[in-house]
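These notes concern the structure reproduced below.
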Amino acid sequence: MMTKARLERFRNKLNSEIACLEEELREMEDTDKGIGNSTILNYQKGYPSPQPVVGFEWDKYQHKQKLLERKRKEWEDVRNWIEQIEDGQVRWVFKMRYIEKMSWQRIARKMGYGGNEDYPRLMIRDKYLKKIGIH
């Protein structure tokens with residue numbers, strides 16, 4: 001289900017979150033950042049003796065991979081939702097705002113409404129969202 005909050009998250013955060021997760025995974029693969037250690041109790045001498053164990057943190061890596069997959073899926077879902085808007089002018093406004101990350105003022109200028117940033121925001125975006133039941 002699409003919401004204004006989801007659209008704003010797509011515009012403001014999702015790309016950077018995806019980039020950060022990709023970089024964290026790359027660092028885990030290519031540097032020591034994927035190596036962790038923990039302690040186990042070794043009973044070879046008949047009593048518990050703490051022993052460090054060093055290895056790749058697969059749980060952490062897989063968690064980040066799953067998170068990255070979810071964020072990529074969300075990104076793709078929102079982009080597809082925008083692409084499926086039938087009205088060309090509405091779709092153009094949504095693309096400029098959420099995919100190209102333009103300001104309302106720049107969108108208004110590009111559409112020929114001068115500096116009247118309220119027109120594309122209120123009369124195109126908000127009117128469309130209200131029409132499809134998103135408030």
Side-chain angles (χ1 to χ4, degrees):
M1 180 68 183
M2 191 55 58
T3 64
K4 278 186 182 180
R6 189 171 180 200
L7 285 166
E8 287 303 319
R9 180 172 141 64
F10 174 83
R11 180 178 189 274
N12 297 325
K13 286 183 160 183
L14 207 51
N15 278 334
S16 60
E17 289 175 353
I18 289 170
C20 285
L21 281 167
E22 288 171 341
E23 183 58 28
E24 287 175 4
L25 286 168
R26 201 170 13 264
E27 284 180 349
M28 286 184 78
E29 293 166 358
D30 299 341
T31 69
D32 293 358
K33 291 191 177 184
I35 306 297
N37 64 5
S38 61
T39 304
I40 63 168
L41 294 176
N42 185 341
Y43 287 89
Q44 286 181 334
K45 295 178 183 173
Y47 56 90
S49 173
Q51 179 179 347
V53 178
V54 177
F56 191 79
E57 295 185 293
W58 284 106
D59 291 345
K60 187 176 179 182
Y61 184 82
Q62 289 172 335
H63 172 74
K64 287 179 187 281
Q65 273 189 322
K66 287 178 185 173
L67 189 58
L68 176 60
E69 288 170 17
R70 280 197 316 266
K71 289 184 184 294
R72 282 181 176 159
K73 170 112 174 63
E74 182 180 354
W75 187 90
E76 194 63 37
D77 289 348
V78 174
R79 188 171 175 101
N80 287 338
W81 182 86
I82 291 170
E83 291 293 335
Q84 292 174 5
I85 296 173
E86 290 184 21
D87 184 307
Q89 184 181 41
V90 173
R91 186 175 53 252
W92 190 34
V93 167
F94 275 81
K95 279 183 174 183
M96 287 188 286
R97 179 68 180 169
Y98 298 105
I99 296 172
E100 298 173 25
K101 299 181 181 175
M102 290 185 190
S103 68
W104 287 116
Q105 191 172 34
R106 185 167 177 214
I107 293 169
R109 281 195 313 269
K110 195 164 183 162
M111 294 183 77
Y113 296 112
N116 184 3
E117 61 190 68
D118 289 341
Y119 188 83
R121 182 173 49 84
L122 298 172
M123 300 306 294
I124 298 174
R125 187 208 53 185
D126 289 358
K127 188 175 181 180
Y128 177 76
L129 290 176
K130 188 175 182 179
K131 175 183 164 187
I132 63 171
I134 298 173
H135 302 283

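As the structure is a prediction and not an experimental result, all values here were calculated from the model.
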To the nearest 0.5 Å, how far apart are [atom1] in [X] and [atom2] in [Y]?
X: Gln62; Y: Lys66; atom1: CD; atom2: NZ; result: 6.0 Å
X: Glu57; Y: His63; atom1: CD; atom2: NE2; result: 12.5 Å
X: Arg121; Y: Ser103; atom1: CZ; atom2: OG; result: 12.0 Å
X: Leu14; Y: Arg79; atom1: CG; atom2: CZ; result: 12.0 Å
X: Glu100; Y: Trp92; atom1: CD; atom2: CH2; result: 9.5 Å
X: Ile124; Y: Asp118; atom1: CD1; atom2: CG; result: 12.0 Å

Got a salt bridge between [X] and [Y], using NZ or NE/NH1/NH2 to carboxylate O under 4.0 Å?
X: Glu74; Y: Arg9; value: yes
X: Glu24; Y: Lys33; value: no
X: Glu22; Y: Arg72; value: yes

Legend entry - Single-linkage hydrophobic cluster Phe10~Ile132, side-chain heavy atoms < 4.5 angstrom: yes
Legend entry - Cluster check Ile40, Ile35: I/L/V/M/F/W/Y, side chain < 4.5 angstrom: no
Inset, instruction - Compare every heavy atom of Lys110 with every heavy atom of Met102, then report the nearest pair and how far apart it is. - result: CE-NZ, 3.6 Å
Inset, instruction - Can you see which heavy atom on Glu17 is nearest to which on Lys71, and at what distance? - result: OE1-NZ, 2.8 Å
Inset, instruction - Evaluate the salt bridge (Lys or Arg N to Asp or Glu O under 4.0 Å) criterion for residues Lys95 and Glu83: first the C-alpha distance (whole Å), next the side-chain angles of each, then the deciding distance (0.1 Å), finally the verdict. - result: CA-CA 8 Å; Lys95 279 183 174 183; Glu83 291 293 335; 3.4 Å; yes
Legend entry - Partner of Pro120 under side-chain contact (heavy atoms from CB on, under 4.5 Å), chosen from Asp126, Val90, Ile107: Ile107
Inset, instruction - Using the side-chain contact (heavy atoms from CB on, under 4.5 Å) rule, pick out the option among Ile82, Val78, Asp87 that qualifies with Phe94. - result: Ile82
How about [X] and [Y]: do any of their side-chain heavy atoms sit closer than 4.5 Å?
X: Lys60; Y: Met28; value: yes
X: Met111; Y: Val93; value: yes
X: Gln105; Y: Arg109; value: yes
X: Lys4; Y: Leu129; value: yes
X: Leu68; Y: Leu25; value: yes

Legend entry - Heavy atoms of other groups near Lys13 NZ, more than 12 under 6.0 Å: no
Legend entry - Other residues, nucleotides, ligands: >12 heavy atoms within 6.0 Å of Asp30 CG: yes
Inset, instruction - Go through the steps for Tyr98 and Arg6 under the test side-chain hydrogen bond (donor to acceptor under 3.5 Å, both in side chains), then give the verdict. - result: CA-CA 10 Å; Tyr98 298 105; Arg6 189 171 180 200; over 6 Å; no
Inset, instruction - Starting from the C-alpha separation in whole Å, work towards a yes-or-no answer on side-chain contact (heavy atoms from CB on, under 4.5 Å) for Leu41 and Gln51. - result: CA-CA 6 Å; Leu41 294 176; Gln51 179 179 347; over 6 Å; no
Legend entry - Backbone N/O of Ile85 and side chain of Arg91: donor-acceptor pair under 3.5 Å: yes
Inset, instruction - Determine, stepwise, if the pair Arg97 / Glu8 fulfils side-chain contact (heavy atoms from CB on, under 4.5 Å). - result: CA-CA 9 Å; Arg97 179 68 180 169; Glu8 287 303 319; 4.2 Å; yes
Legend entry - Output field: ring centroids Trp104/Tyr119 closer than 6.0 Å: no
